[in-house]
Amino acid sequence: MTTPVMRLYPSEYRARHGHEIAEVYRQAIDGAGRLATSREAADLAAHALRMRLKCSSDRPAGRLLAAAAPFVVAVLAAHAGRELFELAAFLLDTRGDVPRPGAADMVFAGWWVALLAAAVVALGGRWPVGRWCLAVILTVGALLAATVGRGGVLGAPGALVVFSVLSAVILVGCPPDMAPGWRVRRMASGAAVAIWAPLAVLSVVWRTLFADHVGIALPLLAESNMWPCLILAISACAFARGGGSARPALAAMVTAALPVVAYDAAVPGYHPAQAAVPAISFLLTAAVLFARSAPDRASSQQG
């Protein structure tokens with residue numbers, strides 16, 4: 001079991017620290033049960049991949065993923081909440097021509113519930129447990145979508161695979177020694193609510209009140225990634241305002257937005273012009289951030 005995992009490490013790193021890593025791993029699993037052994041092996045494999053991809057806490061890539069990870073969890077929570085609200089809208093809709101959820105929809109509804117629960121655990125203070133639960137749940141969802149697909153009302157399988165894989169990569173790549181603090185988790189929780197609430201209400205109201213009267217798609221605000229990206233852009237401003245650096249904050253939010261942007265792009269019928277929406281949002285945010293930080297830098301240099 002140890003040899004395949006050890007081979008994931010870069011050869012130079014393995015030559016220098018291989019014996020030490022193997023000894024620590026052996027002590028960790030000595031007398032442990034199957035679940036604990038599997039968890040230790042997963043931790044070791046994730047550490048090896050982070051070292052190979054240069055995503056440790058002393059590397060820029062690791063710090064970027066650590067800053068983005070809580071807001072990826074926020075996007076996951078908001079997306080799960082919106083999916084469940086849309087399912088509820090379908091279940092409560094009494095019109096005869098509305099497609100009813102099938103077995104696959106109900107399976108993935110349970111998957112969204114599990115995803116939402118793990119996100120709440122992560123942002124509620126149990127970051128290591130929640131992060132790994134999310135990674136496992138996302139992997140299971142990607143495998144289910146790739147093998148059994150999704151039918152009915154809850155979306156396209158290809159989009160779910162892209163969404164799940166990108167989110168899991170960011171969460172697994174986050175260095176474990178850079179867990180977000182309380183202030184960042186609170187900010188991410190606020191972003192999740194801010195993303196979810198307007199879209200959930202708008203989706204339900206639109207589908208239940210206006211679908212019979214207006215023959216157009218849901219407004220751009222709900223169907224594109226504009227609203228999540230806008231909230232993440234505002235979060236970047238709040239992060240910089242709280243004492244963080246503007247450029248890393250913006251880079252972290254762009255990274256956190258990748259799963260939801262890729263999800264929309266993978267949905268059949270997605271219009272390529274909608275890809276400009278998050279780009280414009282982040283460009284405007286960058287202008288605001290740097291315009292705001294320039295006077296601060298000038299005043300600090302004068303002082």
Side-chain angles (χ1 to χ4, degrees), residues 35-36 38-40 42-43 46-47 50 55 57 62-88 108-142 160 163-164 166-201 227-229 231-239 241-244 248-249 252-253 255-260 263:
L35 181 60
S38 300
R39 186 176 65 244
E40 291 294 335
D43 286 339
H47 181 255
R50 284 194 296 270
C55 289
S57 57
R63 292 193 292 269
L64 173 64
L65 294 181
F71 295 92
V72 170
V73 176
V75 169
L76 290 171
H79 203 91
R82 183 186 166 196
E83 290 275 359
L84 292 172
F85 251 63
E86 288 196 359
L87 176 62
F108 279 98
W111 181 78
W112 286 117
V113 170
L115 196 69
L116 181 60
V120 171
V121 169
L123 295 180
R126 301 293 300 276
W127 176 255
V129 174
R131 180 173 72 98
W132 275 112
C133 286
L134 282 169
V136 171
I137 293 169
L138 288 166
T139 302
V140 170
L160 184 59
F163 179 76
S164 300
L166 277 177
S167 300
V169 167
I170 294 173
L171 291 174
V172 172
C174 173
D177 57 340
M178 295 189 70
W182 175 80
R183 186 180 72 87
V184 175
R185 294 199 311 271
R186 184 182 62 176
M187 192 182 302
S189 300
V193 174
I195 294 170
W196 164 74
L199 296 188
V201 172
W227 186 249
C229 288
I231 296 300
L232 290 175
I234 295 173
S235 299
C237 292
F239 192 86
R241 192 183 188 115
M253 299 310 165
T255 304
L258 288 178
V260 71
Y263 180 91

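Values in this document were obtained by computation on a predicted structure and should not be read as measured data. Throughout, residue positions are numbered sequentially from 1 according to the sequence presented.
Not one N or O on the side chain of W227 forms a donor-acceptor pair closer than 3.5 Å with the backbone of W196. Here the side chain of R131 pairs a donor or acceptor atom with the backbone of L171 at under 3.5 angstrom. Between the R185 side chain and the P70 main chain, no donor and acceptor come within less than 3.5 Å of each other.
Atom CG of L84 is separated from atom NE2 of H79 by 10.5 Å, given to the nearest 0.5 angstrom. Here the straight-line distance linking atom SG of C237 with atom CG of L232 works out to 11.5 Å at 0.5 Å rounding. Atom SG in C229 sits 11.5 Å away from atom CD1 in I234 (nearest 0.5 Å). In this structure, L134 CG and L76 CG are separated by 6.0 Å, a value rounded to the nearest 0.5 Å.
Annotation for G141 and L160: closest pair O-CD2, 4.2 Å, computed over non-hydrogen atoms. Pairing each heavy atom of S189 with each of L123, the nearest pair is OG-CB, 3.6 Å. Among all heavy-atom pairs drawn from F71 and V184, the shortest one is CE1-CG1, 4.2 Å. What you find for A191 and S235 is that their closest heavy atoms are CB-OG, 3.7 Å. Of all heavy-atom pairs spanning A66 and C174, the tightest one is CA-SG, 3.6 Å. Considering every non-hydrogen atom in both W111 and S164, the closest pair reads CH2-OG, 3.7 Å.
In terms of the side-chain hydrogen bond (donor to acceptor under 3.5 Å, both in side chains) criterion, residue partners of W132 (sequence neighbours excluded) are, by chain and number, D43.
The closest side-chain heavy-atom distance from I170 to P259 is below 4.5 Å.
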Working for side-chain contact (heavy atoms from CB on, under 4.5 Å), residues W112 and I137: CA-CA 9 Å; W112 286 117; I137 293 169; over 6 Å; no

Could you please spell out the steps behind the side-chain contact (heavy atoms from CB on, under 4.5 Å) verdict for L166 and Y263? CA-CA 9 Å; L166 277 177; Y263 180 91; over 6 Å; no

